[in-house]
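Inspection log for the structure reproduced underneath, given as structure tokens.
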Amino acid sequence: MYLKQQKALSSRLLAVLSELYQIAPDALAIEQPPEIKFGEYALPLAFELARKLRKAPRKIAEEIVAALGPVEGFAGFEVAGAGYINARLDRGAAAKAIAVDGEIALEGAGLHSLVEHTSINPNKAAHVGHLRNAILGDTFVRLLRAAGQKVDVQNYIDNTGVQVADIVVGLTHLEKLSLGDVQALMARLALEGRRIDYYCWDLYARVSQWYEADEAEKAARKKVRLDTLHAIEHGGNDTAAIAELISTAVLRRHLETMLRLDMEYDLLPRESEILHLHFWDLAFEQLKDKGVLYYETEGKNKGCWVMQRAGRTAEPLREEEALESEAANNGQAPDEDAKVIVRSNGTVTYVGKDIAYHLWKFGLLGRDFGYRRFFTYPDHQCWISAESGEPDHPNFGGAQAIYNVIDSRQADPQANVIQALRGLGYTEQAEHYTHFSYEMVALTPRCALDLGYEVSEEDQARPYIEVSGRKGFGVKADDLIDKLIEATRAEVDQRHPELSEEERGVIAKEIAVGALRYFMLKYTRNSVIAFDFKDALSFEGETGPYIQYAVVRTRSIFRKAETTAESALARMTDVDATPYLTGEENDGIWQVWLRAAKTSLLLDQCIATAEPAYLAKHAFQLAQEFSNFYRKHHILTEADPARKQFLLATAAVAQRELIRSLGWLGISAPEVM
RNA sequence: GGGCGAGUAGCUCAAUCGGAUAGAGCACCGGCCUUCUAAGCCGGGGGUUGUGGGUUCGAUUCCCGCCUCGCCCA
């Protein structure tokens, strides 16, 4: 409703501007007033026009208001302050519309997009940083789907990289295991109910130390690492077989961990196939043909295929810049800042392989993966890349828009890939390539000490300490989830001894997931999360459980009223809500309706800015306004039957929008809690 | 050395394209459970938005300098 009325207002205003001043701006700024007494929409446009028209803003605002006339759904317009135009909705009519209208209807419906998230190196357990990535990605997928887009969810697996090589070195050189021994080890771990990813967590930390431990052996050990990496990349040997075995087992564990938080994937593209299916060769041809890559014959990058770095535009430099640059470069000197794509020894860098992979994502490579079934969810299938796959598989790749959920440290390589696409002439694709960047999750020094890690004095003085898989320093995802469930379970046991063991377990899990997902979503993306158990295990205030609790309250009302939210909304057609919504004394109730009406607007904003935190905030604010309303207006004891109907509808609309918003955040609302 | 991000209440964070009295949560203090679930509600204190300039009707927001922290590249 809110978005629809905003558009109606906008188009009426454009007509008025054209009529009065013969101007046609591209877009009008429509704001939400800071206080309800200013109405529902605020228009600062008179300020902008003041200079152009050489008139006082207030005068312009008055002229516009006079020319507006009645607009359907609006109660009126007024000039406020130095020249704001405030628009007021007809509250009664709005409430009726909100009751029947779920809205949405956003641009971009039908678009085929691809979201890549999680992408954990399959060599150790997932930690809190990975959780932030996956929760952000999964939530964004839900948002895009809510807006009507067709979304493929991909989890890229670097199964032939240096991190997997490190684990293989650990198994073969520290543990001195053969391929057969590794198989036996995995069987034993499974039998003992131990998690392979946890085993690797410790082993990875040990290997990282082992490389550095002995100064005399350092070079030899680094060579072991490199040889192992090459053997894995090459494939067809025991080393590669061990890597395949262990990385696949760890990958399965990651999928299980993420499934605990209701996250599913459609496809797991792996680096091994990108290598073995020679994606790079095709990309290399395109890049050479279009002159994106050139062979450097001078300087430190001599013998490499390099690419001009993003930010260095091909546009001509301004004269003084050109002169300066020429002087500095002494005429013909090579671009030392260029990004190396193929090293002088012929190996391809990570960015090179990534360019090839992204050409595939947009359907521009001219080659496809094979696909095999890998992991079965209750209601759908997750596929994995393969050299030769099963004949019948869904189509992947060829997306119109892509989103890569990758932390902000990868901004530079991501920019290079976009630059390459642009250089190849794929401008449209480059425009629809979003590096969905986010900051890391770090631990507070307090948290690190609590976990028993040694923390230097220097680190203790910092606000946060970066998580490091290499040092085995961090909070494992499953440990955190276990801890959360334990805490919610204790609370549910105490509050609902009448429920069965199983019921209490389900509720505890729902609350734990709600707490964790909300915790990761309430921060905007470029804010570092300094993780602390105290905050993450909190169920009060701005948390998931607070919002879930508001829904539980509405459920309880409808149970006792022996009706449903749906029927309460359906009956709104017979209720004249105007008397219950008009006047300052009813602003609180109107706030609930108004906030509820904004869900689609928030969905739109979240997608446009790739920022799920706004929706998290919206759900919290709606829950707050409902809680306020709940305390103030006792529904079940309301004597006036018409007013009671209206109050029930208020609870119903709050419930509908809370459940919807929570659903997009990947959070369910229990029946009781 | 170059690039990116950040600096807002005691703490953790918001603040839409530059907009009306800079808002939440936590913590602290004081109230509210014989009425729909107190994982809640109400009230209170708490701010030179790192710093110095500039742009203008108006700056947490934009521009320039400086300081501090983090990350990336070399």
Side-chain angles (χ1 to χ4, degrees), chain A residues 26-35 37-38 42-48 50-51 56-58 80-84 86 300 309-312 336-337 339 407-416 437-440 442 444 446 461-466 488 491-492 494-496 511 514-515 519 522-532 534-535 538-550 552-561 601-602 605 608-609 611 613-614 616-617 620-621 623-624 626-638 644 647-648 651 672-673:
Chain A
D26 308 332
L28 285 177
I30 301 190
E31 295 170 358
Q32 296 173 39
E35 281 183 75
K37 66 177 180 190
F38 294 127
L43 303 150
L45 82 164
F47 297 110
E48 293 163 43
R51 183 187 287 180
R58 224 192 138 83
Y84 269 100
N86 291 331
K300 64 172 180 160
R309 199 172 279 280
R312 290 213 162 194
E336 296 281 86
D337 193 41
K339 177 73 196 168
D407 75 69
S408 61
R409 289 171 292 195
Q410 304 262 13
D412 200 50
Q414 285 291 300
N416 288 327
S437 165
Y438 66 95
E439 274 292 343
M440 63 183 168
T444 61
R446 176 79 250 158
R462 296 180 203 277
Y464 51 81
I465 313 165
E466 188 175 355
T488 52
E491 200 66 35
V492 174
Q494 201 189 340
R495 288 165 189 249
H496 297 285
I511 299 170
F519 177 78
K522 71 193 248 191
Y523 301 92
T524 48
R525 288 183 290 118
N526 58 4
S527 162
V528 176
I529 298 180
F531 181 87
D532 197 303
K534 183 176 109 344
D535 298 329
S538 164
F539 309 128
E540 289 167 16
E542 196 192 340
T543 65
Y546 173 92
I547 306 169
Q548 291 172 311
Y549 189 70
V552 163
R553 282 176 151 176
T554 63
R555 293 201 198 280
S556 179
I557 290 167
F558 290 111
R559 250 195 327 271
K560 297 224 163 142
L601 175 77
L602 265 295
Q605 284 177 349
T609 55
E611 182 52 86
Y614 299 144
K617 189 70 81 181
F620 172 65
Q621 286 170 330
Q624 247 184 344
F626 172 76
S627 297
N628 199 319
F629 157 81
Y630 175 89
R631 181 45 105 183
K632 209 166 167 187
H633 306 277
H634 203 271
I635 300 173
L636 297 183
T637 53
E638 172 58 46
K644 185 173 178 180
L647 293 178
L648 277 169
V672 297
M673 66 184 275

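Proteins come first, then strands; the chains are lettered A, B, ... in the order of their sequence lines, and each starts at number 1. Heavy atoms only: backbone and side chains are in, while hydrogens, waters and symmetry mates are out.
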Note to self: Give me the stems containing RNA chain B, sorted by first residue, counting only three or more consecutive Watson-Crick or G-U pairs with both distances under 3.5 Å; say none if there aren't any.
What the structure shows: B:1-7 with B:67-73, B:10-13 with B:23-26, B:28-32 with B:40-44, B:50-54 with B:62-66
Note to self: To the nearest 0.5 Å, what is the distance between CD on Glu466(A) and CE on Met440(A)?
What the structure shows: 4.5 Å
Check: Is there a donor on the side chain of Asp412(A) or the base of A74(B) sitting less than 3.5 Å from an acceptor on the other?
Finding: no
Checklist line | Side chain of Ala80(A) - closest among A20(B), C71(B), G40(B) | finding: A20(B)
Next item on the list: Identify which nucleotide among U12(B), G40(B), A39(B) has an atom closest to any side-chain atom of Arg553(A), counting heavy atoms from C-beta outward.
Entry: G40(B)
Next item on the list: Tell me which nucleotide among A39(B), A6(B), U21(B) gets nearest to the side chain of Glu35(A).
Entry: U21(B)
Next item on the list: Taking all non-hydrogen atoms of both residues into account, name the closest pair between Met673(A) and Pro545(A) and its distance.
Entry: CE-O, 3.6 Å
Margin query: So if I take every side-chain heavy atom of Lys300(A) and compare against U16(B), A74(B), A20(B), which nucleotide ends up nearest?
Written below: A74(B)
Next item on the list: Indicate whether OP1 or OP2 belonging to C41(B) is found under 4.0 Å from a side-chain N or O atom of Tyr546(A).
Entry: yes
Next item on the list: Assign Asn628(A) to base, sugar-phosphate, or nothing according to its heavy-atom contacts below 4.0 angstrom with the strands shown.
Entry: sugar-phosphate
Checklist line | Which residue lies more 5' along RNA chain B, comparing Lys522(A) with Met440(A) via nearest heavy atoms | finding: Lys522(A)
Margin query: Check the orientation of Phe629(A) and Phe626(A). Use parallel for under 30°, tilted for 30 to 60°, and perpendicular for over 60°.
Written below: tilted
Notebook entry, point to check: Closest to the Tyr630(A) side chain: G25(B), A38(B), G70(B)?
Noted result: A38(B)
Notebook entry, point to check: Can we say Lys534(A) and Asp532(A) salt-bridge, meaning some charged N sits less than 4.0 Å from an Asp/Glu carboxylate O?
Noted result: no
Notebook entry, point to check: Do you know the tightest heavy-atom contact between Ser437(A) and Asp407(A)?
Noted result: OG-C, 4.5 Å
Next item on the list: From the options A24(B), A38(B), A20(B), select the nucleotide whose nearest atom is closest to the side chain of Glu542(A).
Entry: A24(B)
Notebook entry, point to check: If you check the Asn86(A) side chain, which of A20(B), A38(B), G70(B) turns out closest?
Noted result: A20(B)
Check: Looking only at N and O atoms, is any donor in the side chain of Glu31(A) or the base of U16(B) less than 3.5 Å from an acceptor on the other one?
Finding: no
Item checked: Glu611(A): salt bridge (Lys or Arg N to Asp or Glu O under 4.0 Å) partners, not counting sequence neighbours -> Arg525(A)
Notebook entry, point to check: Which of these nucleotides, A6(B), A39(B), G25(B), is closest to any side-chain atom of Arg495(A)?
Noted result: A39(B)
Item checked: Side chain of Ile557(A) - closest among C36(B), G5(B), A39(B) -> C36(B)
Checklist line | Nucleotide nearest Arg409(A) when distance is taken to its side chain, options U35(B), C72(B), G40(B) | finding: C72(B)
Margin query: Please determine whether a side-chain nitrogen or oxygen atom of Arg631(A) lies at a distance below 4.0 Å from atom OP1 or OP2 of C42(B).
Written below: no
Check: Taking only N and O in the side chain of Gln624(A), is any of them less than 4.0 Å away from OP1 or OP2 of G25(B)?
Finding: yes
Notebook entry, point to check: Between G5(B) and Tyr438(A), is there an OP1 or OP2 to side-chain N/O distance shorter than 4.0 Å?
Noted result: no
Next item on the list: Please state whether the phosphate of G70(B), meaning OP1 or OP2, lies under 4.0 angstrom from any side-chain nitrogen or oxygen of Arg462(A).
Entry: yes
Item checked: Tyr546(A) to Gly541(A) - nearest heavy-atom pair and separation -> CB-O, 3.0 Å
Checklist line | Closest non-hydrogen atom pair, Leu648(A) against Ala561(A) | finding: CD2-CB, 4.2 Å
Next item on the list: Select from Gln621(A) and Gln410(A) the residue whose nearest nucleotide in RNA chain B is closer to the 5' end of that strand.
Entry: Gln621(A)
